[in-house]
Amino acid sequence: KQEVTQIPAALSVPEGENLVLNCSFTDSAIYNLQWFRQDPGKGLTSLLLIQSSQREQTSGRLNASLDKSSGRSTLYIAASQPGDSATYLCAAPQGGSEKLVFGKGTKLTVNP
Amino acid sequence: NAGVTQTPKFQVLKTGQSMTLQCAQDMNHEYMSWYRQDPGMGLRLIHYSVGAGITDQGEVPNGYNVSRSTTEDFPLRLLSAAPSQTSVYFCASSYTTPGRTFGNTIYFGEGSWLTVV
């Protein structure tokens, strides 16, 4: 059974800092992994989708990596801004099935 | 392009009442799913569908029914509401199932806040 863990549960940083959010998963037989952002009272918005063949995916100040052998993915945010404050979730498929398993998220606060 | 639309946004039910949460997508997506999000529990899969006429159970299906008569719509029915079903419900869709060799971006609705008293 796939289990997805995100550490830390919460993170507070000053504006301008570069930061890394971590995601680990137990079942490495996955073809892709996805990172989402959730603002308070809102739905989830997909940030980056990494295929297992890609190992890295970039969008603006965001860079996500995927290491299946170690069961880890990281989301790197460069030059953080107060507008980046949100909860970030990662999700991985369960063993090639039709089910997606989410981590509980990391709540990020970027202080001006 | 509306994306994934959920209705209602807020609902208060009495214990034992039934209701249907509506979900519609206009992207011709095969895969649709329902999650509930609770503090400390994260997002948990209730039911999902890989195409019209095909549904299956997720992690927490008890007390919920689904059907998929069209590609666009995937309603979630609460049969007899209980206080334990107080939660935020999210509908999501994607072009193909998450486990496929080449995954696709998953789109979420804005959520439905349900309180059962």
Side-chain angles (χ1 to χ4, degrees), chain A residues 1-7 9-10 23-25 27-55 57 59 62 64 66 68 73 86-107, chain B residues 2-7 9-10 21 23 25 27 29-51 54-61 68 88-113:
Chain A
K1 179 184 175 184
Q2 181 73 278
E3 293 181 6
V4 178
T5 304
Q6 293 185 248
I7 295 173
C23 171
S24 61
F25 47 92
D27 184 352
S28 61
I30 61 172
Y31 292 112
N32 57 78
L33 183 141
Q34 199 155 165
W35 282 91
F36 296 86
R37 168 182 173 141
Q38 186 176 28
D39 293 291
K42 298 289 187 181
L44 282 71
T45 300
S46 179
L47 296 172
L48 290 165
L49 167 65
I50 317 171
Q51 312 294 348
S52 59
S53 58
Q54 293 177 312
R55 301 193 69 180
Q57 189 72 265
S59 176
L62 304 180
L66 175 62
K68 286 178 54 176
S73 176
T87 297
Y88 292 81
L89 300 97
C90 66
Q94 179 169 298
S97 75
E98 295 105 355
K99 300 177 183 178
L100 195 63
V101 179
F102 282 81
K104 294 182 180 180
T106 295
K107 185 176 181 180
Chain B
V4 180
T5 303
Q6 287 184 236
T7 57
K9 191 168 180 69
F10 300 99
L21 299 178
C23 176
Q25 52 88 11
M27 297 172 282
H29 284 173
E30 288 184 349
Y31 185 83
M32 296 186 75
S33 54
W34 276 102
Y35 294 87
R36 59 178 290 174
Q37 187 175 37
D38 302 289
M41 302 295 293
L43 277 156
R44 292 181 292 171
L45 181 64
I46 305 172
H47 284 286
Y48 65 94
S49 168
V50 298
I54 306 170
T55 64
D56 208 342
Q57 296 180 351
E59 182 184 356
V60 289
R68 185 98 179 265
V88 184
Y89 292 84
F90 289 100
C91 179
S93 74
S94 61
Y95 189 66
T96 60
T97 62
R100 290 276 182 91
T101 304
F102 195 84
N104 291 102
T105 298
I106 297 169
Y107 295 85
F108 277 79
E110 288 288 292
S112 295
W113 273 253

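Below, chains carry the letters A, B, ... as their sequence lines are ordered, and counting in each starts from 1.
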Next item on the list: Taking all non-hydrogen atoms of both residues into account, name the closest pair between Leu43(B) and Phe102(A) and its distance.
Entry: CD1-CD2, 3.7 Å
Next item on the list: Counting only heavy atoms closer than 4.5 Å, note whether Gln38(A) contacts chain B via side chain, backbone, both or neither.
Entry: side chain
Notebook entry, point to check: Where is the tightest heavy-atom contact between Glu110(B) and Lys42(A), given as atom of each residue plus distance?
Noted result: OE1-CD, 3.3 Å
Margin query: Minimum heavy-atom separation for Thr105(B) and Leu49(A), please, with both atom names.
Written below: N-CD2, 3.7 Å
Checklist line | Region of Gln37(B) that comes under 4.5 Å of a non-hydrogen atom in chain A | finding: side chain
Check: Non-hydrogen atoms of chain B under 4.5 Å away: do they reach the side chain of Leu33(A), the backbone, both or neither?
Finding: neither
Notebook entry, point to check: Where on Glu30(B) is there a heavy atom nearer than 4.5 Å to chain A: the side chain, the backbone, both, or neither?
Noted result: neither
Notebook entry, point to check: Are the side chains of Tyr48(B) and Leu100(A) in touch, meaning some heavy atoms are under 4.5 Å apart?
Noted result: no
Notebook entry, point to check: Is it the backbone or the side chain of Ile106(B) that comes under 4.5 Å from a heavy atom of chain A, or both, or neither?
Noted result: both
Notebook entry, point to check: Given a strict heavy-atom distance threshold of 4.5 Å, which part of Tyr107(B) is in contact with chain A: side chain, backbone, both, or neither?
Noted result: neither
Note to self: Is it true that, when you exclude Lys107(A) itself, more than 12 heavy atoms of the residues, nucleotides or ligands shown sit nearer than 6.0 Å to its NZ?
What the structure shows: no
